[in-house]
Amino acid sequence: MGLLTDSEAIEKSLKIVYKDGMKSLLVRPGSGIKEVPFHKVEGKAYNFSSIAGRGGAVSGNFLNAKRKAGEKGLQAEYSVEPGAIWASYTVLKTELAAAKTNLGAYMPIFKRDFYRATTALRQTLSMSLYGRGYGEVAVLGTAITSAAVDDVVNITMDKCATTKLDVDSEIVIKATIGAAEENATNEAIVIGILPGYSGVKVKITKAGTSAAGSVICLKGSTIPGTTKPILPLGLDAWLPIAYGRENPAGTTDWDDFIGTTFCGQNRSAAVDRMAGGFYKPASSSEKIYEALENALLLDRMQGGNGDIILMNMEDRAALAQQLQNAGTQYMSSTESTKSRKVNVGIENVGVTQVTNFIDFIVDDVDCPKGKFYIGDRSAWEMLIWASKQDQNKNDGISTLEPGKEEPESVDAPSFDDYTSKLNIDDYITIQDGVDTWRGPGVSVHLGFIGSLAVTDTSAWVVGLIPAASYSNVLGYSS
């Protein structure tokens with residue numbers, strides 16, 4: 001057999017390393033995105049129907065129930081278009097030498113290097129789970145005053161937001177999340193991480209002044225010349241908290257925001273169903289666990305299971321401290337969701353809990369500090385645009401003639417294999433002829449083309465962690 005071309009050697013090596021699927025190349029360890037089911041789809045857009053009306057179509061009188069269903073029991077069809085994230089890696093001729101011939105054992109040269117080279121893609125995808133597709137990182141806490149090109153500036157932010165960036169990350173600072181990148185007040189490149197992950201040190205690449213409360217985004221997250229995002233949609237797009245879901249004094253900002261068409265729908269018709277429930281604490285003195293309990297009640301009132309809670313790692317630590325200090329029945333975090341008995345202070349007297357919401361918490365560094373999500377695991381999925389042609393080759397169901405096996409007993413590929421298993425061929429592009437100072441090489445591009453879809457927004461609730469001000473919570477002020 002002849003020698004393999006560079007492209008063939010790379011493709012075969014990658015196929016061997018990721019023969020059982022490549023979800024590990026896309027999912028950041030420890031991130032909330034690992035909880036999302038992946039679903040392969042095709043076409044220009046993915047359409048699905050979801051509830052758009054409120055409940056209440058029930059009565060002992062059939063005619064009453066029928067009338068209410070006609071008035072409020074409505075459906076809406078969403079049309080989701082894909083976003084995109086790309087990562088590239090250059091492979092040198094010297095790296096290909098060990099995997100060049102068919103007689104060799106195709107050494108998995110990418111098992112380490114290619115995985116490390118695509119770290120930023122996993123980081124960005126995990127971050128985008130909580131955004132609107134604009135590469136949102138954090139809210140600017142301290143104003144940048146008259147910064148000139150090449151000035152070095154320290155930008156402080158919570159430690160979890162800092163982990164969304166790395167040295168050489170390019171950022172833009174905009175007045176609002178949805179502003180065009182061309183209108184950014186500052187642009188910069190990260191040159192270092194501040195001690196204790198308290199922020200980043202940047203070198204200014206576009207001079208200007210940025211007000212406190214501006215939004216820091218990854219550069220290249222908006223289609224040039226437009227305000228349309230490039231990155232995948234995330235939870236803040238489906239379950240917004242903008243302006244605390246009310247108009248700031250003297251404005252119609254919230255009405256304008258929620259009235260803007262989203263995936264083909266105007267969500268102002270039934271906000272709590274089409275944009276999910278929203279819980280804002282009554283006061284800053286409310287405890288985090290009280291806010292979670294109240295938001296969980298809202299989720300279950302709207303028909304959700306409330307079987308997953310996503311929150312920031314630092315907020316999760318504050319919750320644990322509150323629980324320890326308060327001595328409530330939620331004394332520990334375990335992986336068990338079985339009923340449990342908890343003593344309430346009198347010997348041999350106890351109460352039984354059906355579930356403990358602590359068991360459902362997933363703490364994630366990428367979830368913006370100051371807010372949390374409660375939802376239904378069956379009501380969201382990560383859509384990935386990829387080929388599913390093999391699904392049509394053989395459905396595995398025999399004609400039901402006398403003596404034939406029942407369809408359920410036929411040994412055929414499962415539907416999940418077609419819809420959720422990710423094949424490396426669909427996500428890599430290989431280009432020859434790349435020159436470097438160390439010699440010629442080959443570029444390997446890994447692309448994620450997809451978007452989050454909350455398939456039943458009424459089964460989800462977004463809530464705020466009790467605080468005196470929410471201006472620094474990402475997604476609140478713009």
Side-chain angles (χ1 to χ4, degrees), residues 81-88 120-121 123-155 157 161-191 199-237 240 242-243 253 256-257 260-263 366 368 445 447-452 472-478:
E81 295 183 1
I85 306 174
W86 296 93
S88 296
L121 183 145
Q123 186 170 299
T124 303
L125 180 58
S126 296
M127 179 183 76
S128 71
L129 176 65
Y130 299 97
R132 297 182 202 161
Y134 292 94
E136 307 96 305
V137 175
V139 174
L140 182 65
T142 303
I144 298 177
T145 305
S146 301
V149 173
D150 291 334
D151 280 358
V152 175
V153 176
N154 289 343
I155 296 177
M157 60 186 73
T162 303
T163 66
K164 301 175 184 178
L165 300 171
D166 199 353
V167 173
D168 287 337
S169 292
E170 294 183 289
I171 60 173
V172 294
I173 302 176
K174 306 187 294 183
T176 62
I177 289 175
E181 287 190 5
E182 289 79 4
N183 296 330
T185 50
N186 283 114
E187 294 183 13
I189 184 169
V190 177
I191 60 175
V200 294
K201 184 185 294 293
V202 303
K203 184 167 72 173
I204 299 297
T205 56
K206 178 182 178 180
T209 297
S210 297
S214 300
V215 185
I216 304 168
C217 298
L218 290 178
K219 186 175 181 178
S221 300
T222 306
I223 296 175
T226 76
T227 59
K228 186 174 181 180
I230 295 177
L231 269 59
L233 295 176
L235 286 169
D236 195 45
Y243 311 107
D253 289 346
D256 296 339
F257 179 93
T260 301
T261 300
F262 174 77
C263 292
D366 293 305
H445 310 289
F448 174 89
I449 301 176
S451 181
L452 179 74
N472 286 328
V473 178
L474 192 59
Y476 187 90
S477 297
S478 61

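We use all heavy atoms of the structure for the numbers below, so side chains are in, but hydrogens, waters and symmetry mates are not. By convention here, the first residue in the shown sequence is residue 1.
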Taking all atoms of both residues into account, what is the closest heavy-atom pair of [X] and [Y], and its distance?
X	Y	answer
Q123	D166	NE2-N, 4.5 Å
G83	S451	N-CB, 4.4 Å
G450	P232	O-CB, 3.4 Å
T209	S146	OG1-N, 2.9 Å
A179	T227	C-CG2, 4.4 Å
V202	I155	CG2-CD1, 3.9 Å

Taking atom [atom1] of [X] and atom [atom2] of [Y], what is their separation to the nearest 0.5 Å?
X	Y	atom1	atom2	value
K164	S126	NZ	OG	10.5 Å
F448	I85	CZ	CD1	6.5 Å
S214	L140	OG	CG	5.5 Å
Y134	T176	OH	OG1	8.5 Å
I177	E136	CD1	CD	4.5 Å
K219	I171	NZ	CD1	11.0 Å

Exercise. List the steps, then state whether side-chain contact (heavy atoms from CB on, under 4.5 Å) holds for V200 with T162.
Key: CA-CA 7 Å; V200 294; T162 303; 4.0 Å; yes
Are the side chain of [X] and the backbone N or O of [Y] linked by a donor-acceptor pair below 3.5 Å?
X	Y	answer
S169	L165	no
S128	G133	no
E187	T205	no

Exercise. Using a strict cut-off of less than 4.0 Å between a Lys/Arg side-chain nitrogen and an Asp/Glu carboxylate oxygen, indicate whether E81 and K228 qualify as a salt bridge.
Key: yes
Under 4.5 Å between any side-chain heavy atoms of [X] and [Y], yes or no?
X	Y	answer
L474	V215	yes
V167	I191	no
D168	V190	no

Self-check item: With S221 via side chain to side chain contact (heavy atoms under 4.5 Å, CB included) - residues at least two apart
Solution: E181, L218, L231
Quiz item: How would you list, by chain and number, every residue that makes a side chain to side chain contact (heavy atoms under 4.5 Å, CB included) with S88, sequence neighbours excluded?
Solution: H445
Practice problem: Determine, step by step, whether D150 and K203 satisfy the side-chain contact (heavy atoms from CB on, under 4.5 Å) criterion, reporting the C-alpha distance in whole Å, the side-chain angles of both residues, the deciding distance to 0.1 Å, and the verdict. | Solution: CA-CA 5 Å; D150 291 334; K203 184 167 72 173; 3.9 Å; yes
Quiz item: What residues form a ring pair (Phe, Tyr, Trp, His ring centres under 6.0 Å) with F257, not counting sequence neighbours?
Solution: W254
Exercise. Among L233, D236, L235, find the one that has a side chain to side chain contact (heavy atoms under 4.5 Å, CB included) with R132.
Key: D236
Quiz prompt | Check: K206/N186 side-chain N/O donor and acceptor closer than 3.5 Å | solution = no
Exercise. Might you work through the side-chain contact (heavy atoms from CB on, under 4.5 Å) test for K174 and T185, ending with a clear yes or no?
Key: CA-CA 6 Å; K174 306 187 294 183; T185 50; over 6 Å; no
